[in-house]
Amino acid sequence: MDTHSHSATQTRPRTHTLQFPELDRRIECREDETVFAAARRAGLRIVGACGGRGSCGSCVVRVTEGQVHREGESLHRKWLRACCLQPRSNLTVEVAPRSLAPIVRADVSTGGDAVTLDCDPAVRELTLQVPPATLQDLASDTDRVRRVLGEQQPALQPTAIDWAAAAELPGLLRAHDWRVSARFALRPGGPRLIGFARPGAPLLGLAVDLGTTNAAAFLIDLGQGRQGRRLASLGLENPQVAWGADLISRINHAIGQPATAEALRQAAVNAINSLAHDLARAVGAEVGDIAEVLVCGNTAMQHLLAGWPVAQLGRAPFVAAMNEPLDVPARELGVQVARGANLHLAPCVGGFVGGDHVSALLATEPLWAHPGTSLVMDIGTNTEISLVHQGRIWSASCPSGPALEGGHIGSGMRAAEGAIERVAIGAEGRLHLQVIGGGRPVGLCGSGVLDALAAFVGAGWVDARGRITGSGPAIGMVDGIKAITLAEETQDIPAVRFTQHDVRAVQLAKSAIRSGVVQLAAEAELDETQIERIVIAGAFGAYLSVKSGVAIGLFPDLPRARFTQVGNAAGLGVQRMLASRERRERAARLATECRYVELSLRSNFQKTFLHHIGFGH
């Protein structure tokens, strides 16, 4: 027994302390885990688009003190991949600036911020003056409320009272001289009393666009006479990116271990709770004033949030657990708002065409609901496309991956300070860079990735097949790979480069999207030239250059007047669903009207994909 115990102690991996001075954090890391894995476990952010598989190179750090085991990292490099480093002593670790840069574009611009929301919400409030209890009147507090409601508002007599509401009532009545605000959820079976609040408390709703990369939330005033005013908005990075920038990486993590699936679910919940807390605080309210939450996301995001199995989404056929809209008590998911609040998940279409695309269609309906042919594209880590023709809608999901948003790009980063967002090549091959914030470049965001590749193709630095060619001061070999250097390494900042691997990642993404457009047009027996309107949605879609997109073959070469760029349309759509029951019902109808097209089943999809992989028109 003692011998066995001693042996186990001897084989247990040693643990070392990792210090991150810029973050003022110390964490523990075992010798058998990587610096990246330890940081993820401790909730410390290091960019890692591939989720720590060692395939993207975005998680670079510099070890300034201590000894490490480096797997596959050359000895001469100063900046090393955190997912390839294991400690052999206590370490002091410097995180690359692209992981620390303050985010600038947080997906909260919806392109409809000035639009008034139709306000007919699914929650209502009524302030009641309840007769106090006496020795002669010993009715329960809830019975007293029912009695007053029967006298003042018979239509709001609740069919049921949430247990949490009953728990809140006694204290509120006695603290506010028997005046209380009663809150109701309007349901097909009749009103349900979901909570009570102090008299005069705001009645708020939270609309959340749970994106693969970022989460955006909007606080809406649902009180009577307030016309669905947007009080505040906020965005943050989806903390699930620690398990990979793309959906398949996260699905594979969730399939592998139930504990990881729950960690992914909790990460999404934490993001919503953080947004709810900060938004309520920003307007002088409490999270308990949020009486309803409405969430849209792609199919995988909504499954991970709900805690549903995702194994069936990891391989064809991609089948959702359910597509119709769902109402669930927010507290059952761990969402910290009013205890009786409802959380509504937006309806999905099918496959990976989820509630976020339905929300985008709802928000952009005035742009595409015209005679003729329209295309709605929500470009992101998971790109959804709908073709509208003669009253019919065909929808598909394109596995574009995160390359067009800066993920799976060695020097990729969020749209944060220091990100290169525009690239041009002038005389004698001189690079002209536009950097968010105007400072030194530390990486490339999505619009910069697109612009850079378009510039390289136009200058002949990347040929029609996607090979980096030619010579010059910006082009060279780095660790045996051809690369174009946009900014040289300095003492504190790693070099910003666009490698041959990065070109391939963008090729795969843009060909997947373009092939989706071609295939949907074919479903309607059309070709691309007959598309009269292209609506480009999504935070990335709002900032990209259509000219650059056409130059690399991401978009068909159509007159620029046919393109309309909007912001986070899904964010606007989810706000409208929150504020209006009629808009919520319209979203449910839209989801059923869309005909889902599984692109991988089309016999000529592979041929179309290969046709558009290059940069010739």
Side-chain angles (χ1 to χ4, degrees), residues 105 107-117 209 211 216 296 349 353 356-398 400 404-405 415 421-422 445-447 450-451 454 509-510 513-514 516-518 520-521 524 526-576 583 586-587 590 593-594:
R105 298 171 186 162
D107 289 7
V108 296
S109 176
T110 64
D113 296 331
V115 177
T116 300
L117 298 171
D209 173 21
C296 75
V349 173
V353 182
D356 53 349
H357 190 61
V358 174
S359 297
L361 287 172
L362 181 72
T364 59
E365 190 165 5
L367 298 176
W368 55 259
H370 299 285
T373 305
S374 301
L375 189 79
V376 180
M377 310 175 69
D378 194 346
I379 301 176
T381 305
N382 187 59
T383 297
E384 300 92 8
I385 305 174
S386 282
L387 183 83
V388 186
H389 178 66
Q390 294 182 350
R392 301 180 68 186
I393 306 175
W394 291 266
S395 301
S397 171
C398 306
S400 49
L404 293 176
E405 291 190 313
E421 62 173 341
R422 291 283 180 262
C445 68
S447 58
L450 194 67
D451 243 36
K510 71 99 177 181
I513 294 171
R514 183 68 179 278
V517 174
V518 173
L520 288 187
L526 304 169
D527 62 48
E528 294 174 304
T529 62
Q530 294 172 277
I531 300 173
E532 296 163 77
R533 289 170 296 275
I534 297 181
V535 180
I536 304 172
F540 168 66
Y543 292 100
L544 64 80
S545 163
V546 171
K547 180 180 178 181
S548 294
V550 170
I552 69 167
L554 173 64
F555 305 130
D557 191 2
L558 297 173
R560 301 299 181 270
R562 297 191 192 183
F563 292 85
T564 300
Q565 291 172 265
V566 297
N568 181 3
L572 179 57
V574 76
Q575 291 176 69
R576 287 181 167 163
R583 292 287 82 195
R586 175 58 183 147
L590 266 176
E593 289 170 10
C594 294

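In this chain, residues are counted from 1 in sequence order.
In this structure, the side chains of L544 and Q565 come closer than 4.5 Å at one or more pairs of heavy atoms. Two residues are said to be in side-chain contact when any heavy atoms from C-beta on lie closer than 4.5 Å; K510 and L450 fail this criterion. Residues R533 and T564 form no side-chain contact, since every pair of their non-hydrogen atoms from C-beta on lies 4.5 Å or further apart. At least one side-chain heavy atom of R586 sits less than 4.5 Å from a side-chain heavy atom of E365. By the 4.5 Å heavy-atom criterion applied to side chains, P556 and I534 are counted as neighbours. Side-chain contact between S397 and N382 is present, with at least one heavy-atom pair separated by less than 4.5 Å.
Of all the heavy atoms in H357 and S386, the pair that sits closest is NE2-OG, 2.8 Å. The two residues A454 and A551 have their closest heavy-atom pair at CB-CB, 4.1 Å. The nearest pair of heavy atoms linking V546 to F555 is O-CD1, 4.0 Å. When all heavy atoms of A360 and T364 are compared, the pair lying nearest together is O-OG1, 2.8 Å. Shown here for A521 and L387, the closest heavy-atom pair between the two residues is CA-CD2, 3.8 Å. Taking all atoms of both residues into account, the shortest heavy-atom contact from F563 to L558 is CE1-O, 3.7 Å.
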Task: side chain to side chain contact (heavy atoms under 4.5 Å, CB included) between V550 and R560, intermediate numbers included - done: CA-CA 10 Å; V550 170; R560 301 299 181 270; 4.2 Å; yes

Task: Test side chain to side chain contact (heavy atoms under 4.5 Å, CB included) applied to V376 and I393, step by step - done: CA-CA 10 Å; V376 180; I393 306 175; over 6 Å; no

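Under the 3.5 Å distance criterion, the side-chain polar atoms of W394 are left unmatched by any main-chain donor or acceptor of A524. In this structure, the side chain of E421 does not engage the main chain of A415 through any donor-acceptor pair within 3.5 Å. Between the R562 side chain and the I531 main chain, a donor and an acceptor come within less than 3.5 Å of each other.
Within the model, atoms CG of L520 and OG1 of T373 stand 12.0 Å from one another, a figure rounded to the nearest 0.5 Å. Separation of atoms CD1 (I513) and CE (M377) is listed at 5.5 Å; rounding is to 0.5 Å. Here the straight-line distance linking atom CZ of R422 with atom OH of Y543 works out to 10.5 Å at 0.5 Å rounding. Here the CG-CG distance, from L367 to L361, works out to 11.0 Å after rounding to the nearest 0.5 Å. Interatomic distance, CG of L375 versus CD of E532, reported as 12.0 Å (0.5 Å rounding). Within the model, atoms CG of N568 and CG of D209 stand 4.5 Å from one another, a figure rounded to the nearest 0.5 Å.
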